[in-house]
Participant: 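I'd like to ask some things about the structure below.
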Amino acid sequence: MEMTQRAHIIGTGLSVPERILSNKDLEDIVDTTDEWIVRRSGIRERRISSPDRDETTTHLSARASKKALEMAGVCADQLDMIVIGTVTSDCQFPSTACRVQEALNADNAVAFDVSAGCSGFLYALNIVSNAIQCGTCKTALVVGVDRLSSVINWHDRGTCVLLADGAGAVVVRSNPKEGGILSSHLKSNGKFWNLLYSSDGNGYTPAILQGLSKMPFHLNMNGNRLFKRAIECLSSIAKDALRHNSFSSDDIDLVVPHQANIRIIQAMANNIGIPMSRVFTNLHKYGNTSSASIPMALDEANRDGLLSRGKNVLLVSFGAGLTWGASILKWSM
Ligand code: UT7
């Protein structure tokens, strides 16, 4: 008899650009202060990719993926699926996933991208989890990557102080044993697409390094309206995920949320009744890396020893689309 397959994360990895851009550095670019940025967002510094280093969306993804594969003890040719959540591919096409497939020599995988703003990683993880449960996939790579420096308006102090670059990856494998991804919950509402959008382009060279006059002004955000909606959406989908699993907030050992703003995370944690001591944050170091923020945080939490077998982890995201989602995992590494 066929056993029910479950999707288990068996390896995690992250990669960020070398260049650190501090709040103090931003004081020279826009009318802002370190004090304002820390108080309103919790961010102290972020990573920005450089044209003279190999830090494209593909490079960052491939590096994070290699670390996740190494931890998992999986060879790239064992992958049968690569799904990447990103809105800042190096090319309009082909997909970043196909470029990463080449970089890894993952010749046996089907590879494609998912565009869901900051929720891209959770959307991609959901697709892989479903494919594993259906038996169409055994071993998959899921990446969240963004290089928002390529679309930031570096004159807009409301956004350029928040957004940044990075990649996170997980290897997911089917196994009938208990645990793994217990449930995934995804939502979208296109009515609010214009609260956060980029009108064009994904030039590789980060605008900040090209001189102000050449900057592409693509990214638009209504921060204040998004802020309120983010708290509502994150709180309600986290509650949906808890209810679906008959969990109370006490059953969650660690929340790994999208790292947009510490005040959003605190408000959500308060709404769902989980103390900040059980919420992982690293946005003070990396800013908002969009689709990369959850897998990057998951990798740091994992390598810091905060995740061990049997722990229940709540992933929760919100982003452009609007899109939002949550997933509950029973850690099985
Ligand atoms: O990844 C998912 C999508 N993104 C988000 O979820 C982001 C959601 N939004 C936010 O995180 C917050 O709304 C921001 C951090 C963007 C802004 O914080 P806020 O508390 O909502 O501030 P605000 O937009 O209401 O602006 C307050 C003031 C304004 O000045 P006035 O009009 O009161 O004189 C802004 O012009 O702060 C000003 N301001 C700044 N001042 C110094 C905006 N950005 C800056 C800045 N430095 N960088």
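What you see is a predicted model; the values in this text were computed from it and never measured. Residue numbers count from 1 along this sequence. In listed order, ligands and their atoms are each counted from 1.
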Participant: Provide the number and element of each atom of ligand 1 under 4.0 Å from a heavy atom of Asn261.
Facilitator: 10 (C), 11 (O), 12 (C), 15 (C)
Participant: Has Arg6 got more than 12 heavy atoms of other residues, nucleotides or ligands less than 6.0 Å from its CZ?
Facilitator: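 Atom CZ in Arg6 is crowded, with more than 12 foreign heavy atoms closer than 6.0 Å.
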Participant: Given the protein's heavy atoms, is any one of them under 4.0 Å from atom 25 (O) of ligand 1?
Facilitator: yes
Participant: Who gets closest to atom 3 (C) of ligand 1 by heavy atom: Leu196, Ile43, Thr159, Thr323?
Facilitator: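 Nearest option to atom 3 (C) of ligand 1, by heavy atoms: Leu196.
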Participant: Considering only heavy atoms of Arg263, which atoms of ligand 1 have at least one such atom less than 4.0 Å away?
Facilitator: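 Result: 18 (O), 19 (P), 20 (O).
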Participant: Pull out every atom of ligand 1 sitting under 4.0 Å from any heavy atom of Phe318, numbered as shown with elements.
Facilitator: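 Answer for ligand 1: 2 (C).
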Participant: Counting heavy atoms not belonging to Lys191, are there more than 12 under 6.0 Å from its NZ?
Facilitator: no
Participant: Is atom 34 (O) of ligand 1 touching the protein, meaning some protein heavy atom lies under 4.0 Å away?
Facilitator: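 No, there is no protein heavy atom closer to it than 4.0 Å.
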Participant: Taking atom CZ of Arg39 as the centre, report whether more than 12 heavy atoms of other residues, nucleotides or ligands fall under 6.0 Å from it.
Facilitator: yes
Participant: Are Lys311 and Leu254 close enough, and set up right, to give a side chain to side chain contact (heavy atoms under 4.5 Å, CB included), and what steps lead you there?
Facilitator: CA-CA 8 Å; Lys311 289 212 166 164; Leu254 195 69; over 6 Å; no
Participant: With heavy atoms of Val161 as the reference, note each atom of ligand 1 found under 4.0 Å away.
Facilitator: 48 (N)
Participant: With clusters defined by side-chain heavy atoms of hydrophobic residues (ILVMFWY) lying less than 4.5 Å apart, directly or transitively, does Phe318 cluster with Leu195?
Facilitator: yes
Participant: Who gets closest to atom 21 (O) of ligand 1 by heavy atom: Asn224, Leu162, Asp156?
Facilitator: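 Ranked by closest heavy atom to atom 21 (O) of ligand 1, first place is Asn224.
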Participant: Mark up the atoms of ligand 1 that fall under 4.0 Å of a heavy atom belonging to His258, in ascending order.
Facilitator: 1 (O), 2 (C)
Participant: Counting heavy atoms not belonging to Glu70, are there more than 12 under 6.0 Å from its CD?
Facilitator: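 No.
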Participant: Judged on heavy-atom distance to atom 7 (C) of ligand 1, which of Glu27, Arg157, Met221 sits nearest?
Facilitator: Met221
Participant: Please test Ser149 against Asp165 for side-chain hydrogen bond (donor to acceptor under 3.5 Å, both in side chains), starting from the C-alpha separation and ending with a verdict.
Facilitator: CA-CA 6 Å; Ser149 66; Asp165 303 344; 2.7 Å; yes
Participant: How far is atom 9 (N) of ligand 1 from its nearest protein heavy atom, and which residue and atom name does that atom have?
Facilitator: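 Looking at atom 9 (N) of ligand 1, the protein heavy atom closest to it is Gly223 O, 2.9 Å.
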Participant: List the steps, then state whether side chain to side chain contact (heavy atoms under 4.5 Å, CB included) holds for Gln259 with Tyr286.
Facilitator: CA-CA 9 Å; Gln259 310 281 313; Tyr286 299 128; over 6 Å; no
Participant: As an exercise, identify every atom of ligand 1 less than 4.0 angstrom from a heavy atom of Gly158.
Facilitator: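 That gives atoms 16 (C), 44 (N) of ligand 1.
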Participant: So for atom CZ, which belongs to Arg44, do other residues, nucleotides or ligands contribute more than 12 heavy atoms lying within a distance under 6.0 Å?
Facilitator: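 Atom CZ in Arg44 is not crowded, with 12 or fewer foreign heavy atoms closer than 6.0 Å.
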Participant: Measure the distance from atom 1 (O) of ligand 1 to every protein heavy atom, then report the residue, atom name and distance (to 0.1 Å) of the closest one.
Facilitator: Asn288 ND2, 2.7 Å
Participant: Look at atom 44 (N) of ligand 1 and say whether a protein heavy atom is found at less than 4.0 angstrom from it.
Facilitator: yes
Participant: Please check if the number of heavy atoms outside Lys187 that lie under 6.0 Å from its NZ is greater than 12.
Facilitator: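 At most 12 heavy atoms, drawn from other residues, nucleotides or ligands, come within 6.0 Å of this atom.
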Participant: Starting from atom 27 (C) of ligand 1, locate the nearest protein heavy atom and write down its residue, its atom name and how far away it is, to 0.1 Å.
Facilitator: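 Minimum-distance protein heavy atom for atom 27 (C) of ligand 1 reads Arg40 NH1, 3.6 Å.
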Participant: Would you say that Arg53 contacts Pro17 through its side chain, given a criterion of any heavy-atom pair below 4.5 Å between the two side chains?
Facilitator: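 No, side chains not in contact.
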Participant: Using 30° and 60° as the class limits, which term best fits the ring planes of His185 and His244: parallel, tilted or perpendicular?
Facilitator: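 Plane angle over 60°, so perpendicular.
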Participant: Tell me: protein heavy atom nearest atom 47 (N) of ligand 1, and distance?
Facilitator: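 So the nearest neighbour among protein heavy atoms is Thr32 OG1, 2.6 Å.
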Participant: Ile264 heavy atoms, cut-off 4.0 Å: which ligand 1 atoms fall inside?
Facilitator: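 Counting from 1, the qualifying ligand atoms are 6 (O), 8 (C).
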Participant: I need the contact type for Ser41 against ligand 1. Using non-hydrogen atoms and a strict under-4.0 Å cut-off, is it side chain, backbone, both or neither?
Facilitator: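 Neither; no heavy atom under 4.0 Å.
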Participant: Nearest protein heavy-atom contact for atom 5 (C) of ligand 1: which residue, which atom, what distance?
Facilitator: Leu226 CD1, 4.0 Å
Participant: Heavy-atom contact under 4.0 Å between Cys118 and ligand 1?
Facilitator: yes
Participant: List the steps, then state whether side chain to side chain contact (heavy atoms under 4.5 Å, CB included) holds for Ser65 with Leu104.
Facilitator: CA-CA 8 Å; Ser65 301; Leu104 299 176; 4.0 Å; yes
Participant: Around atom 17 (C) of ligand 1, find the nearest protein heavy atom and jot down its residue, atom name and distance.
Facilitator: Trp36 CH2, 3.9 Å
